[in-house]
Q: 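First, the structure itself, so that you have it in front of you.
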Amino acid sequence: MDKTYQPEQIESRWYERWEADGRFVPSGEGKPFSIMIPPPNVTGSLHMGHAFQDTIMDTLIRWKRMQGHNTLWQVGTDHAGIATQMLVERKVAAEEGKSRHDLGREAFIDKVWEWKHESGGHITRQLRRMGASVDWSRERFTMDDGFYKAVQEVFVRLYSEGLIYRGKRLVNWDPTLHTAISDLEVENRDQQGQFWHFRYPLADGVKTDAGLDHLVVATTRPETLLGDTGVAVNPEDPRYASLVGKFVELPLVGRRIPIVADEHADMEKGSGCVKITPAHDFNDYEVGRRQNLPLINVFTQDAAILPRAEAFDFQGRPLPDIDTTLPEAYAGLDRFEARKRIVADMEAAGLLEQVETVSNTLPYGDRSGDVIEPLLTDQWFVAVESLAKPAIEAVENGDIEFVPKNYENMYFAWMRDLQDWCISRQLWWGHRIPAWYDIDGNVFVARNEVEATRQYLQELADFIEHEQGDFDTAMRLRSFDQLLGGTPELTSDALTTMEKLGVPRLTQDDDVLDTWFSSGLWTFATLGWPERGEDFRTFHPSSVLVTGFDIIFFWVARMIMLTLKFTGEVPFKQVYVHGLVRDGQGQKMSKSKGNVLDPIDLIDGIDLENLVEKRTGSLMQPQKAKAIAKATRDEFPEGIEPHGTDALRFTFLSQATTGRDIKFDMGRLDGYRNFCNKLWNASRYVLMNAEGQDCGANDDEPVELSLADRWIVSELQRTESQVTRAMQEYRFDQAAQALYDFLWNEYCDWYLELSKPVLWDEQASAAAKRGTRRTLVRVLEAILRLAHPMMPFITEEIWQRVAPLAGTATGDGSESIMVQPWPQAEDDKLDEAAGRDIAWLKGVIVAVRNVRAEMNIAPGKPLEVLLTKGSASDRERLEANRPFLAKLAKLESAVWLDDPEQAPLSATQLVGDMEVLVPMAGLIDKEAELARLAKEIDKQDKLIGAVEKKLGNDSFVAKAPAEVVEKERGKLADFQAARRVLAEQRDKIAAL
RNA sequence: AGGACCAUAGCUCAGUUGGUUAGAGCGCCACGUUGACAUCGUGGAGGUCGGCGGUUCGAAUCCGCCUGGUCCUACCA
C-alpha cells in the first residue's frame, strides 16, 4: 500500500468493478427495501444538494444491502419541461440562429431528444462519482414509453371521474415564457412601488354624501384600469351606502361600471373604495364572481394592451353585448409602458389625486425572472379536494411518517388549504395533453387519437341519428368505427375513409402537462404500473423518500395524492427530510452570489484560476465578477485540494442532523480526509504486521487474548450497536461520530500502540502474538464493514487485503465488501472488567505524560516512577501491564513505595486513590510544580465548593433521589481526598 | 400579520426522557520525526450554554416573555 491515501487511484476503479459485477441489482432475496431517487432534471449537473442527498440514500441502501435486504435503488431523470425547453432553445438559437417557432413543434421536439441522447447523461455520470449504488439496468426517464402510458392512463381516469376539468381561469402567466405556471413556481419579492390614487367620476350626476362628484380608488397597477368592471365599497360603510347600485364612468375608457357592496373593500384603507378588475387580479376575480361582474381581459399573452378587450362571464362564455373598445393610444403598449401613459393621461385629465411610495410584493417567475401576470386563459385543472383528503389521512394515521416529525405540520397546513392544480403548460416539451377537439371545440379525452376519434364518431352517429334522423349516415359512421382500433394512430386508410365520410380529423390539445404531473407517478410508474407485475408487488410502497423540505409541496404531496388514488398504497412509508446545503457563512449557494461549490471539485480538487473562472465565467451580472473573484481568492488562496469521494460523503453525513440546514465546512472536509488517511495508515500497520504472519485466520491454532485484545473487541461491540442504532434513527452524524471516535481515539490511539509491545516482544508466546494479530485484523475488518455504507471506496480497497487475513474472504477479488454481513454486536464479547483495567492503564499513562508535559521533561526520556497508596487491584494491574507502561509512558521502572512518608520530592498525579510519583531530583522545576499544584488545588476547591453547596441544601438532600445524593457525597469525598494529597505535596515542596 | 425552526468554545456542530467536572472536529499555544500515519503524536488554553423571569431540591435541557437570525404561509386593492 502507498504511504499516503490517494483516493483518485481507487474510487472510479471500484465503481466500474461493482457495476460490471452487477452489485447494484436487487438480490432477489430477503426483505425488500427500496428507495426511489428524486429524479434530477435531465439538464442538471450535480450540485451540493444532490451530493448530500445521494450520500444519504446510498448510505441507507448499502447498509440495508449488507443487512441482507433485497434492495432496489431506482434511478432516473426528469424531463423538466421549462428548463429543458429553454436550454435547447438557447442552444438552437446559438448554433443555428433559429427560434423554436422557425423549426416548428415536431422538429424542435426532435432537437430536444437529440440533445437528451447526447448530453442528458451528465448528471448520471456524476452520480457514479458519488459512489451511488443505483440499479442502472432500470434507469428511467419521465418521458419514456412506460411513463407515457402511465400518464395517459392517469389523465384519462381522472378525467372520466370528473377530477380533471378544463376552464377559463385566472392563472399565473409568465409573459416571457408564454405559459401558465403554478403558485409554487412564483417567487414573491419585496419592492418599492408606487401607489396611485385616482378619481373615478360618478355617472348620472350622482354625488357622494360629502358632495363630491367622484370616488377615489387607489392602485399599484394603473394599466389594469382598462379592465375594471366595478368599484366595490364595504357593505357596512356608511359613507357610500347611498351609492351602492349607482355607477361610475371609467376614466379614459368611458365604460359605465357599477358600484357594488362587497366585504373585500376595507373601510380603513385609503378612501374605502376599491376598483375591481376580475380578469387581472386574483382577489378581484373572487369579488367579480360574487357580484356577478363581467371579466374584461385587456392583455395579450405578452402582457401588452389589446387593441380591443375581451369580455367573458365566469363560465368563460364571450359576452358580445359589452362594449370592449379601448383607447387606440394604448394598443400594443407593453404593460409598464401603458402604466406610464395611463398615469400621465389621468393626471392630464385632473384625475390623479396623489401618488404614494409604498413597499409591496411582486410575483416573479422563478424560471424567467419576469413579473408574473394574472391572466385569463383556458387551462386544465385537477380538482384536488377529494385527493387531498386521503393524502392527509395517510400522514395522520402514520402510514406515512415524516422524519423529523415537525414537517408533518407544514404538510398539513398546505394540504388543508389546497387550490385546484393547474396542470397545463403552454410548452412543447412534455407530455402532451391527451385531449382532442372537433371543429366545434368539443373535447374528447382518450389514451390516443384512435380512441378519441371513436368517441367522436359515436357521438356524431348518435347526433345524426337522433337529431337529424339520418340512419344511413349514422350506420356508416358506426361501421367505420368498428374498423378503427388496434393501433394508437390513425392509419392512412382510416384517414382516407374519414375524408370520404366528410368527418374532419380531430386536433390534439397543444398544451403539455406540468412536469410534476408525471413525476408524481414516479414511485409506481417506475415499477411498471399500470401493470402490477412482480417488481411492483415487491418494491411498492417504497421504504423511504429522501428529499429536501423545499420540494414537499411540489412533489411529495402530489406523489402521495396520485399514488394513493391509483395504487391504493402510499408511495413511501417514511419521508426523510434534509436541509439545504449552504456555504460556510450560511448563505444559500447561488451562481449569482458566486459562492457555489461543485462537489466534483471537492473530490478532485481544482486550482485557484479555474475556480475563479468557474465562478465568474457566465454571470448574469458581470459587474459582480471582481468582487466574487476577490472573495474566492481570499477564501481559497491555494484553490481546493483533492479530498476524495469518501471524505466528502463522510463530511455530509457528519453534518446531517435531521432536518437542519448545513453550513458546509471546509475544515471538516479536511478533517475527514485526514480521517480516511488515518484509516489507510492504520491498515498499513495492521497489514505490515499480519500479512505473511500467523494471524489465526482459521481458528485452528490456540490463541491467547491480551487485556487490550479483549478490551478492543468489547469496545467494538459497543460501537457496532451505536452505529446501528444511529442509522436506524437517521442520525448519520451520530453514526459517523461513533465510528470516528472508535477508529481514531480507541483503535489507533490506544489499541495499535498496545499491540506493539506484544508483537515486538521476543518473549511473547506464539499464541499471544497470534491472538493480537487476529484481533488487529478482525477488528479492522469489522470497522471496514461498519464504515462501508458511509465510505464505500476506501473500505473496499482495504477490505480486499484485510479480509483474507481475517478468514472472511478468499482474496481472489471475486468478493466485495458490499455484500458482506453488517456487523452485529455480540453481548458475550462485552468485557467490562477489561474496560476498567484499560481505563486504569490509560490513567497511569496519561498521568505520566501529563507530568512530562507540565514539567518540560522530554517525551523520550525514560522515567523512574514510584507508586503509593495502591490497592491490591492496583498492584495486580501494575504487574499485568508493566510492558505497556514501559512502552507507552516510557517508564524505565515503576516501584511500589510502601511507606508514603518515605516519598522523595515528586510531581504527583492521582489515579483513583493511587498516587503516581515522578521524583523531582534533577528533573523538576520547583516553581513550575508549585504553580501546577496551585492550579490543581484551585480546581478541586471549585468542585468541592459546588458539591458542598448542593449537599448543604436541605431540600436537595430531602427531595432528590437517594442515589443522586449518594453520588454527590461520593464526589465530595473524591475531590477532598485529591485536594488533600495535592496540598500535602505543595507544602512539602514549598518547604524545600 | 400568522406559523415553524434556530441561538452552546474563535469557527462548524453534538448534547437522547432535567442530575455530566458541558463534549467533538477545525483553529490556537507548547513540546516532539528511527520502526502505520506531520493528512501525525503528546499535553494545554478556551464556554456567565443569546437575555430576563418562572417551574423544580436541581435547568444548556421544561414553560413564558424579550432580542437576534433563517425560512414558510398570507396580505399589501
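Throughout, a chain's letter reflects where its sequence line sits, starting with A, and its residues are numbered from 1. Being a predicted model, the structure only gives us computed values, none of them experimental.
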Q: Can you name the salt bridge (charged side-chain N to carboxylate O under 4.0 Å, His left out) partners of A:D741, sequence neighbours left out?
A: none
Q: If the C1' atom of B:rU16 is compared with that of B:rC57, how far apart are they to the nearest Å?
A: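 Each nucleotide's C1' atom is 24 Å from the other's.
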Q: Flag the pair A:E746 and A:R718 as a salt bridge only when some basic side-chain nitrogen lies within less than 4.0 angstrom of an acidic carboxylate oxygen.
A: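 Answer for the salt bridge query: no.
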Q: Please classify the nucleic acid contact of A:I276 as base, sugar-phosphate, or nothing, using heavy-atom distances under 4.0 Å.
A: nothing
Q: Look at all strands and tell whether A:A958 reaches a base, only sugar-phosphate, or nothing, counting heavy atoms closer than 4.0 Å.
A: nothing
Q: What integer number of Å spans the C1' atoms of B:rG15 and B:rA7?
A: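 Per the computed distance, 15 Å lies between those C1' atoms.
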Q: What's A:R725 touching, base or sugar-phosphate or nothing? Going by heavy atoms closer than 4.0 Å.
A: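 Result for A:R725 = nothing.
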Q: If I pick the P atom on B:rU61 and the same atom on B:rU17, what distance separates them, to the nearest angstrom?
A: 13 Å
Q: Under 4.0 Å, heavy atoms only, any strand: does A:K275 hit a base, just the sugar-phosphate, or nothing?
A: sugar-phosphate
Q: Applying a 4.0 Å non-hydrogen cut-off, can you work out what A:Q655 is touching in the nucleic acid: base, sugar-phosphate, or nothing?
A: sugar-phosphate
Q: Pick the C1' atom in B:rC62 and in B:rU42, then give their distance to the nearest Å.
A: 42 Å
Q: Under 4.0 Å, counting only non-hydrogen atoms across every strand here, what does A:M410 touch: a base, just sugar-phosphate, or nothing?
A: nothing
Q: In this structure, which stretches of RNA chain B are paired as stems of three or more consecutive Watson-Crick or G-U pairs, both distances less than 3.5 Å?
A: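 RNA chain B stems, ordered by first number: B:1-7 with B:67-73, B:10-13 with B:23-26, B:28-32 with B:40-44, B:50-54 with B:62-66.
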Q: For B:rA38 versus B:rG23, give the span between their P atoms, rounded off to a whole number of Å.
A: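 So the two P atoms sit 31 Å from each other.
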Q: Scan A:Q587 against the nucleic acid and name what it touches under 4.0 Å (heavy atoms): base, sugar-phosphate only, or nothing.
A: nothing
Q: Pick the P atom in B:rC6 and in B:rG25, then give their distance to the nearest Å.
A: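 Looking at atom P only, B:rC6 and B:rG25 are 25 Å apart.
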Q: Decide, applying a 5.5 Å centre-distance limit and a 30° plane-angle limit (both strict), whether A:F195 stacks on B:rA77.
A: no
Q: Does any N or O donor sit under 3.5 Å from an N or O acceptor when you compare the side chain of A:E854 with the base of B:rA30?
A: no
Q: How far does the C1' atom of B:rU8 sit from the matching atom of B:rU20, given to the nearest Å?
A: 14 Å
Q: Given the P atoms of B:rA9 and B:rC65, what is the spacing between them in whole Å?
A: 25 Å
